[in-house]
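Values below: every heavy atom of this structure, side chains too, minus hydrogens, waters and symmetry copies. Lettering of chains follows the sequences in order, A, B, ..., and the numbering in each one begins at 1.
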Protein chains: 2
Amino acid sequence: MRKGDATRARIIEAAARQAAIRGLAAVSLNDVAEDVGLSKSGLFKHFTSKDDMHIAVVEAVLDRFRDFVRTPAQALPPGRPRLEAIFDNWLRWGENEWADSGCPVNQLSIEFDDQPGPVRDLLRARLGTFRDAVLAEFQALRDPPLAKAEAQAAYFQMKSFIFGHSDARRMMGDTDAARTARAAFQALLDRTAKAAA
Amino acid sequence: MRKGDATRARIIEAAARQAAIRGLAAVSLNDVAEDVGLSKSGLFKHFTSKDDMHIAVVEAVLDRFRDFVRTPAQALPPGRPRLEAIFDNWLRWGENEWADSGCPVNQLSIEFDDQPGPVRDLLRARLGTFRDAVLAEFQALRDPPLAKAEAQAAYFQMKSFIFGHSDARRMMGDTDAARTARAAFQALLDRTAKAAA
DNA sequence: GACGAAAGTGACCGATCGTGCTCTTTCGCT
DNA sequence: AGCGAAAGAGCACGATCGGTCACTTTCGTC
């Protein structure tokens, strides 16, 4: 079943692109089918329902997010090098890989944060393990390691800057947003690394 | 035409509540009509089309945002008092006035930031004047006033913390998010107020 | 090259979408 | 009290929604 897998991947790709722009709920099967050059009924050979396709899309986006943002950073030394890589990867992931929509993880988070269900559960679980991994890197910024509360405060600001960048860049059209975000994050690292225990 | 205005306001209110949770595009006229106790065709005595209702909803949300977040702060002295009030109002506006959806301005921003059209234009314009007003308060933090670039960097972080709070509170279920956000913002004010010129 | 399974098509279903139409009820004013 | 206009109901429309089914084409394997 080689052919089927490739088609399934193309469907997910098309759906994810559209979802990142208009929101997952606004993606119709007709649009996806036309985009990928398939009949609408052909989609049902790869997914049992629209909801089934939805969670497949979210899972695929989260997988690619991990592969692009977090995994490459694991090759670097713990602490600051990894944190800098993760932050920079995240900005580039939004600006380059999703050039006409921005980071789909942010979009999906805001779309589903008030809607209970499998999509939100999936997002919450996967983003939770991501957060825990980043928290560990923040703790490794100092020796002895940072208190957990301090790491959490730092992670809060890190993730905030990611959202802020997306808003400044895409909503307000600030082409300098990436530079501003990087500067804010570097200052955060400086502060966190040398703060009094 | 007193009665009509009241009904129109109730329609907008219901539509805004739903839009804050599911997104504006996912709000159907049927749902709104049922919610407000009206027939679907009755809606068209107050709006010429669904798009017309959309911009009315966005305008109303932005008006209430201004009235709740920015206007009360104008009674305080410029600079830090106003900034603290604006930030605190913003957090409370999201947590209290929109208890089961979070701040609708954030939601609308992310939903429409990649979709050109009148809604995005309206958001961009109104949020732009809000930003300019807050920038002036940041500049008033010091005498002589802050350089514009520094004020912009500070505003970027302020708005970032608002987004971060929404994500932590609603997506990740962190009930302590408001405290974390306030602490981060206070530290930002401290830094900005005393940084070297 | 044949054959079974996987992949994909086209027609169709009931429900719901936004919107126009005509008609009735209700309000605001003199 | 009466009258014109505003507010709203009811119905119907074409389009589109997610989804099913019977059928055909294509693929992977022996």
Side-chain angles (χ1 to χ4, degrees), chain A residues 1-60 108 111-112 115-120 122, chain B residues 1-60 108 111-112 115-120 122:
Chain A
M1 65 149 85
R2 201 80 44 80
K3 173 91 174 303
D5 287 353
T7 307
R8 183 183 158 99
R10 279 170 47 229
I11 296 171
I12 291 179
E13 167 77 12
R17 294 276 158 205
Q18 296 190 28
I21 295 178
R22 294 180 285 148
L24 190 55
V27 177
S28 86
L29 298 182
N30 254 322
D31 293 340
V32 175
E34 190 175 343
D35 194 343
V36 82
L38 225 65
S39 71
K40 191 171 53 163
S41 51
L43 297 181
F44 285 89
K45 297 293 166 171
H46 302 278
F47 307 96
T48 68
S49 71
K50 192 196 183 186
D51 289 336
D52 181 34
M53 188 184 80
H54 277 182
I55 66 158
V57 166
V58 175
E59 263 176 348
L108 289 169
E111 180 176 359
F112 286 95
Q115 299 181 258
V119 172
R120 188 176 74 167
L122 179 58
Chain B
M1 65 147 86
R2 200 82 43 80
K3 174 89 174 304
D5 287 353
T7 306
R8 183 184 158 100
R10 279 170 47 229
I11 296 172
I12 291 178
E13 167 76 13
R17 295 275 159 206
Q18 296 191 27
I21 295 178
R22 295 181 284 147
L24 190 56
V27 178
S28 85
L29 298 182
N30 254 322
D31 294 339
V32 175
E34 190 175 345
D35 194 342
V36 83
L38 226 66
S39 73
K40 194 169 52 163
S41 52
L43 297 181
F44 283 89
K45 296 292 164 170
H46 303 277
F47 307 96
T48 67
S49 71
K50 192 195 183 188
D51 289 337
D52 181 34
M53 188 184 79
H54 277 183
I55 67 159
V57 166
V58 175
E59 262 176 349
L108 289 170
E111 180 176 358
F112 285 95
Q115 299 180 259
V119 172
R120 188 176 74 167
L122 179 57

Ignoring backbone atoms, establish whether [X] has a side-chain N or O less than 4.0 Å from OP1 or OP2 of [N].
X     : N      : answer
A/S49 : D/dG18 : no
B/S28 : C/dT16 : no
B/K45 : D/dG8  : no
A/N30 : D/dG18 : no
A/H46 : C/dG8  : yes

message = So, under a plain 3.5 Å distance rule, would you say the side chain of A/S41 forms a donor-acceptor pair with the base of C/dG10?
response = yes
task = Indicate, yes or no, whether a donor-acceptor pair under 3.5 Å links the base of D/dG19 to the side chain of A/K40.
result = yes
query = Does a donor on one side chain sit under 3.5 Å from an acceptor on the other, for A/S28 and A/D31?
reply =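 Judged by distance alone, the side chains do pair up.
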task = Would you mind reporting whether B/L29 and B/M53 have side-chain heavy atoms less than 4.5 Å apart?
result =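 A side-chain contact exists here, since the closest heavy-atom pair is under 4.5 Å.
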Grab the [atom1]-[atom2] distance between [X] and [N] for me, whole Å please.
X     : N      : atom1 : atom2 : result
B/D31 : C/dA15 : CG    : C1'   : 13 Å
A/E34 : D/dC17 : CD    : C1'   : 15 Å
B/D51 : C/dG18 : CG    : P     : 10 Å
A/L43 : D/dC21 : CG    : P     : 17 Å
B/D5  : C/dG28 : CG    : P     : 11 Å
A/D52 : D/dG18 : CG    : P     : 14 Å
A/R8  : C/dA6  : CZ    : P     : 15 Å
B/F44 : D/dG10 : CZ    : C1'   : 14 Å

ask   = 5'-most contact on DNA chain D: A/V27 or B/R10, nearest heavy atom basis?
value =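 Going by which nucleotide is closer to the 5' end, it is B/R10.
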inquiry  = What's A/L38 touching, base or sugar-phosphate or nothing? Going by heavy atoms closer than 4.0 Å.
reply    =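 Sugar-phosphate, no base atom in range.
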message = Working note: B/V57 + B/F47, criterion side-chain contact (heavy atoms from CB on, under 4.5 Å); need CA distance, chi angles, decisive distance, verdict.
response = CA-CA 11 Å; B/V57 166; B/F47 307 96; over 6 Å; no
ask   = Any donor and acceptor pair, going by atom type alone, linking the side chain of A/E111 with main-chain N or O of A/A25 inside 3.5 Å?
value =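 Yes.
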task = Kindly indicate, with the supporting measurements, whether the criterion side-chain contact (heavy atoms from CB on, under 4.5 Å) is fulfilled by B/F112 and B/V58.
result = CA-CA 11 Å; B/F112 285 95; B/V58 175; 5.5 Å; no
